[in-house]
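The next block holds one structure in the form of structure tokens; read it before the comments.
All heavy atoms count here, side chains included; hydrogens, waters and symmetry mates do not.
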Number of protein chains: 2
Amino acid sequence: MAKVEFNIVCTLCEHLKDSLFNGLNPEDLSRINNHKTCIQYKKGQNIFYEGTRPTGLYCMNGGKVKVYKNNVQGKEFIIYIAKPGDFLGYRALLSEEFYQATATVLEDAKICFIPKESFFEVLQKNPLFMKRVVQAVCHEMGIMEEKLAELAHKSVRERLAANLLMLKETYGMEGDGSTLIDLALSREDLASIVGTATETVIRLLSEFKSEGLIAFEGKKIRVLEPKKLAKQADLIIA
Amino acid sequence: MAKVEFNIVCTLCEHLKDSLFNGLNPEDLSRINNHKTCIQYKKGQNIFYEGTRPTGLYCMNGGKVKVYKNNVQGKEFIIYIAKPGDFLGYRALLSEEFYQATATVLEDAKICFIPKESFFEVLQKNPLFMKRVVQAVCHEMGIMEEKLAELAHKSVRERLAANLLMLKETYGMEGDGSTLIDLALSREDLASIVGTATETVIRLLSEFKSEGLIAFEGKKIRVLEPKKLAKQADLIIA
DNA sequence: CGAAAAAAATGACTTTTATCAGTTTTGAGG
DNA sequence: CCTCAAAACTGATAAAAGTCATTTTTTTCG
């Protein structure tokens, strides 16, 4: 598949406000802008592969990308799902290690690539930017600690409920008193997020549906009763 | 319990070489040194609590400390075990959030406390130090991603084997062709590391023992057959 | 539009692991 | 050295979740 480039100026990027680049001085932003390459990806294309060396930073301008690890049997575990404004692959870049995960496009995406050198230059010149990146990384790490504990001690039902609420927070679109999770996830992907088998997710989703907690809307899920879902997630009873 | 202080000079600290402070210029190291408070803790004492705000950085000079989260039912999940030279509580400090975990002494410990201001001052003045901290945080995050995937898709037996090998790498003491894990962990703590029930750990450990993979030495575990243990962990067969 | 492939769903069955209840062993402190 | 409590261990049982096989539905694309 040929790479389809597109063009955009960082200062005019509609997602700048959601990005770590927000607040960067014009000079540094233009340095980023002048060195970046912007590419359009189709669903299913890979951005980077586990085991390869990062050569720069990806910055999401559109679409959704899953970042996941494959285990020996080929089972996926999705670490996170990147949306416009998010950085992609910065962990391995900053620790100067190989990628430990693979990134694949879930919904057609526009992604800008900033070469390692330009990113590091701006990072080193700009302590405030560095501080914000560090804060973001450490915040991210806190989320992972949370996930670890959740994975260790919660049931699949609880984890599914918790993850639906999390997806609702991040990708939710409000509408007629409920929230649509604006993310076309397959049951298999949802299972890879929760850390369980596809069949189990299917069964639990239909339970949640018959209990009136959620509804299906095409490939998407609508959260009808977030509070009841939270009860399922929090093990208040069990 | 009264706090027992002790005194040590950073430049003479035997664990400096294992620490992120290693390579710091004398001026900055003396700034750290002049502002630190060093305290001795007994087994069972807490260093900090989940939900409180960090006021500085802890730097381990002796002993072992577990950092863990409690779930609703009071079940622990141990995120990591800190040893001399390690920083403690830097994640929440850097992201300027509350502690998300609690730290409790496993083996009598000597820990130096560096006030937030001094740490940040050195961090901001010293880009190279900042870079090393960022690298360390990002490396740590990679380990967590690994753990997440492991927790999601490996069986308890596999996880126990993997964690024994990990503990061997970090706390191992070589001796007569095998390695002693120099860490007095209760079965309960080991279960909290693996993310399972105490009884399950006990059963699996005695299986590993009867298969000749490990041996018990007082409260400690000796790894006899790391390769066979790795086979158990890696799901090469299953 | 229609055929083929992919995804979702359902059912039966098995395995893993948690839980509970009880016993034995160990270790700390008087 | 003895007592008591905590930790380690054992066994039985139940629940949760994975796996496999099969069907139904949806999607893709020639």
Worksheet item: Do any side-chain nitrogens or oxygens of A:Thr198 fall under 4.0 Å of OP1 or OP2 in C:dA8?
Response: no
Worksheet item: Only one of B:Lys228, B:Arg157, B:Lys231 forms a salt bridge (charged side-chain N to carboxylate O under 4.0 Å, His left out) with B:Glu211, so which one is it?
Response: B:Arg157
Fill in: Ring-face cation of B:Arg187 near B:Phe216 (centre distance under 6.0 Å, axis angle within 45°)
yes
Could you pull out the protein-nucleic contacts involving nucleotides 9-16 of chain C (nitrogen or oxygen on both sides, under 3.5 Å)?
residue: C:dA9; atom: OP2; partner: A:Arg187; partner atom: NE; Å: 2.8
residue: C:dA9; atom: OP2; partner: A:Arg187; partner atom: NH2; Å: 3.3
residue: C:dG11; atom: N7; partner: A:Arg203; partner atom: NH1; Å: 2.9
residue: C:dG11; atom: O6; partner: A:Arg203; partner atom: NH2; Å: 3.1

Discussion item. Could you walk me through whether A:Tyr58 and A:Phe113 satisfy the ring pair (Phe, Tyr, Trp, His ring centres under 6.0 Å) test, starting with their C-alpha distance in whole Å, then the side-chain angles of each, then the deciding distance to 0.1 Å, before giving a yes or no?
Written reply: CA-CA 5 Å; A:Tyr58 296 90; A:Phe113 175 81; 5.1 Å; yes
Fill in: Identified side-chain contact (heavy atoms from CB on, under 4.5 Å) counterpart of B:Phe48 within the set B:Thr102, B:Leu88, B:Val65
B:Leu88
Item to complete: Shoot me the first and last contacting nucleotide of DNA chain D against chain A, ordered 5' to 3', at under 4.0 angstrom to non-hydrogen atoms.
Response: D:dA17 to D:dC20
Discussion item. Nearest heavy atom decides the nucleotide; on that basis, is A:Thr200 or A:Lys43 closer to the 5' end of DNA chain D?
Written reply: A:Thr200
Look for any protein N or O under 3.5 Å of an N or O in nucleotides 24-28 of chain C and output each such pair with its distance, or none.
none

Heavy-atom count check: over 12 atoms from other residues, nucleotides or ligands less than 6.0 Å from [X] [atom1]?
X        : atom1 : value
A:Lys220 : NZ    : yes
A:Phe6   : CZ    : yes
A:Lys227 : NZ    : no

Discussion item. Please report the distance, rounded to the nearest Å, between NE2 in A:His153 and P in C:dT17.
Written reply: 15 Å
Fill in: Interatomic distance where NZ belongs to B:Lys75 and C1' belongs to C:dC20 [whole Å]
13 Å
Worksheet entry | A:Lys43 and A:Asp108: CA distance, side-chain angles, deciding distance, salt bridge (Lys or Arg N to Asp or Glu O under 4.0 Å) verdict | CA-CA 5 Å; A:Lys43 179 178 172 173; A:Asp108 291 2; over 6 Å; no
Item to complete: Report yes if the side chains of A:His153 and B:Val72 come closer than 4.5 Å at any heavy-atom pair, otherwise no.
Response: no
Discussion item. With side-chain contact (heavy atoms from CB on, under 4.5 Å) as the criterion, how do A:Leu190 and A:Leu205 come out once you've worked through the C-alpha distance, each side chain's angles and the decisive distance to 0.1 Å?
Written reply: CA-CA 10 Å; A:Leu190 194 49; A:Leu205 278 182; 3.9 Å; yes
